[in-house]
Each structure stands twice: as structure tokens, then as C-alpha cells.
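Structure record follows, encoded as C-alpha cells.
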Number of protein chains: 2
Amino acid sequence: MAREERAMRTDVETRAGPDDHQSLRLWLRLLACTNLIETQVRQGLKAGYSTTLPRFDLMAQLDRAEEGLKMGELSRRMMVTGGNVTGITDMLEKEQLVVREPDSADRRAYRVRLTREGRRQFRRMAAEHERWVIELMDGLSRRQRDQLVELLGVLKTQLAHRTASPDPSNGKGANQ
Amino acid sequence: MAREERAMRTDVETRAGPDDHQSLRLWLRLLACTNLIETQVRQGLKAGYSTTLPRFDLMAQLDRAEEGLKMGELSRRMMVTGGNVTGITDMLEKEQLVVREPDSADRRAYRVRLTREGRRQFRRMAAEHERWVIELMDGLSRRQRDQLVELLGVLKTQLAHRTASPDPSNGKGANQ
DNA sequence: TATTGTTATACTCTATAACTATA
DNA sequence: TATAGTTATAGAGTATAACAATA
């Protein structure tokens, strides 16, 4: 009988040597924590809802956009190229969790929206997702979590400046 | 002429609402920071070395193992199933960056090692990788980085307990 | 001409499962 | 029987690039 292989990408920090630089250790630790949590979340989404993180992400974007979003807007928000959004939307539409509706102002465009079932399912997922996260984080004190949120906020701001737009002058817009 | 689509997975935090729970905000922020950095690193590895993070990871494991590692050991350390390690190793071997050598003690097994060229290239990559990371982190003060390393250490420890081995009694070992 | 979205293609990473050769 | 590693397969996610319809 076949062996069941099971593996989860989790602790990349094993590749840090003992005398590595502080920033490198920080990065590997950051990555390790993220992978540990992400693995759990992915498995939860798959086991409980047969869905994936990008699908969850797309639905999350729509959940906060009553009037729906155009494909290009989804693409930008998810930071993913247009073709991918088409693919994910196709799947979700086939499962009747989202619909494409014609955009009244631009006949090239659609507005993608959650269906009622889609919204219902997303809310359920999101609530459970939050419970997972809360549980995963509960080894930290409230104060420690606050500190982390704060420090990561600083880091994120710094990173955004460095990474956001390699060439903002290139305002080609949309799907890019 | 075709439009060049470019996208980087970066800021997932856009999916957080204003009144979300603290742990959820922490998680989304963690994910955002990691994605921002990871995107940069991936691009750097691709642009400068035509390689990927998993390949880098495998080479990093080997760099710290003078006598090489068996496939199963690589699999465990990288937290990836055996088939994947075979595939990545195949590619690296074809490029003469690693070699499989017969294991003297077990004729079923190989020891995978970096070639001289592989080690040379890895060291070069690793040095540049570290420079990228240092630069990405340098918006934080030394003290802030220390705090982060510390707090993430706590988090990681907690997570490891929760996630490490779903069933440690199952000592089937190896490729699993 | 430029933009919106789709299609087609290709590649990497991943898991599952069956298979082989040794142990 | 169990383990080491491979092979085969399948699927998701991603990017690139060309395309049709509309602006």
C-alpha cells in the first residue's frame, strides 16, 4: 500500500546559520512565522471549504465592495495579473459564488459581485478564518500583539516606499 | 504592441476592514510584510541568477552540510514531499550545481552535495540575498529589529507547538 | 491609439499515489 | 514488511504575450 506523503512548508529558518546577520535572522523568522500560519490557513480552507487562499482573497475583496469590482480593480488589489483574475473568477462563477455583470458605463468591462450564496459562504469562512488566527496568536499577550502590529506597521511602511512602484511614471494603469 | 503585464503579490492587508480583530490585523500585516519582501527576493533571484526560492533553499541546506544530505533529509528540512526534492535536485544536477553520490552505507540512498561551482554560485547569491534583506530592513532601528526578532521568536515557538507534528507518534520517518 | 478583459501558453511548485530497489 | 528514492499525474498559481471589443 502506498505511503502517504505529507509535508507542510513551514520552518524555513532552519537555513539560518548561527552567526547570521540580524536582518537576515529577522527575515527568516518572519518568513517562518508566516509560513506556519499560512499553512494552517490553507489547510483549513481546503479541508473545510475546498477553496484556496487566492480564491478567499478575491472573495474578501468583493465582500467589501457592495457594488462589485471590475476585473482590473481586482487585479490591482490582489496584485496579480489580469489573466489570473479571469481564471479564478471563472472558477468561482462556475460554482455560483460570484457573478459577472455588465458595467453600465463601459461595455468592455464587467462588475464582479458576490452572489448571495457567495457572500454567505464567505462570511462563514471569514469567521472561521478569524477564529483560526486568533487561536494561533493566542500564545502572545495582548501587549506583545500590539507591539508586533506596531513594529510591522513601521516595517510595512518602509517597504512600501521601497517596493511599491518601480516606475510610478509609467501610469499605464489597469491590468498591469 | 502587447501590453506588458506586471504584478507582484504584495499587500494583502487591503482586505482588512477597519474594525477587524487585533489578531487578524496582526496576521494580515505579517503576511503583507512577508509578501513584500518575498517578492523582492524572488525577483532578485530570478533576475540575477535565474533561480527560485525553493532552489535557493535547497542549496542553502546543502551549503551547511559538508558531507551532503540524503534526499529524505532534504525533504524533511525543506518541509516538502519527496517527489518535489527529486524534481528540484534534477534541475540543479542538470545545471551541475549539485551532484548525487551513492551513499556508502545504504545502496538505496544518495548523498546530494553542492559542486564547487554550486557552492561558488550559492555563496554569491547568499551574499547578495543578505544585502537585499539588510537594505529592506534598514528602515527599522537596530532596537526595533531586536524587538521584532524577539517577539517573532515567541510567536514561532508558540506556533511550532501548535503545528509541528499533528501526530508525532507516527514516526514513519523519511519522505513523509 | 489606449484600455478592458480574455485566451493561449509555459513553467514552477505542490501533493498524491504507485512503483523499484534495497533493507 | 518497511524504507529510500523515483516516476507519473494532476492541479493551482503565476507570468508573458497576443488578441477582440470597445473607448
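Naming convention: chains lettered A, B, ... in sequence-line order (proteins, then strands); numbering from 1 in each chain.
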Can you tell me the distance, in whole Å, between the [atom1] atom of [X] and the [atom2] atom of [N]?
X	N	atom1	atom2	answer
M71(B)	dT22(C)	CE	P	17 Å
R55(B)	dT12(C)	CZ	C1'	10 Å
M79(B)	dA15(C)	CE	P	11 Å
L74(A)	dT6(C)	CG	P	10 Å
D90(A)	dG11(D)	CG	C1'	16 Å
D103(A)	dT3(C)	CG	P	17 Å
L58(A)	dA12(D)	CG	P	15 Å
N84(B)	dG5(D)	CG	P	15 Å

Any side-chain heavy-atom pair of [X] and [Y] under 4.5 Å:
X	Y	result
F56(B)	M125(B)	yes
E38(A)	W27(B)	yes
V112(B)	E93(B)	no

Among H129(B), R55(B), E128(B), which residue satisfies the side-chain hydrogen bond (donor to acceptor under 3.5 Å, both in side chains) criterion with Y49(B)?
E128(B)

Reckon [X] touches a base, only the sugar-phosphate, or nothing at all at heavy-atom distances under 4.0 Å?
X	answer
T52(B)	sugar-phosphate
D106(B)	sugar-phosphate
R42(B)	nothing

Looking at [X], does any N or O in its side chain come under 4.0 Å of the phosphate oxygens OP1/OP2 on [N]?
X	N	answer
R108(A)	dT6(C)	no
T81(B)	dA15(C)	yes
R100(A)	dT6(C)	yes

5'-most by nearest nucleotide on DNA chain C - I88(B) or R111(A)
R111(A)

With DNA chain C as reference, determine whether Y110(A) or K46(A) sits nearer its 5' end, using the nearest nucleotide of each.
Y110(A)

Partner of D63(A) under salt bridge (charged side-chain N to carboxylate O under 4.0 Å, His left out), picked from R120(A), R124(A), R119(A), is R119(A)

Under the 3.5 Å rule, do the base of dT22(C) and the side chain of R107(B) count as making a donor-acceptor pair?
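When only heavy-atom distances are counted, R107(B) does not reach the base of dT22(C) through any donor-acceptor pair under 3.5 Å.
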
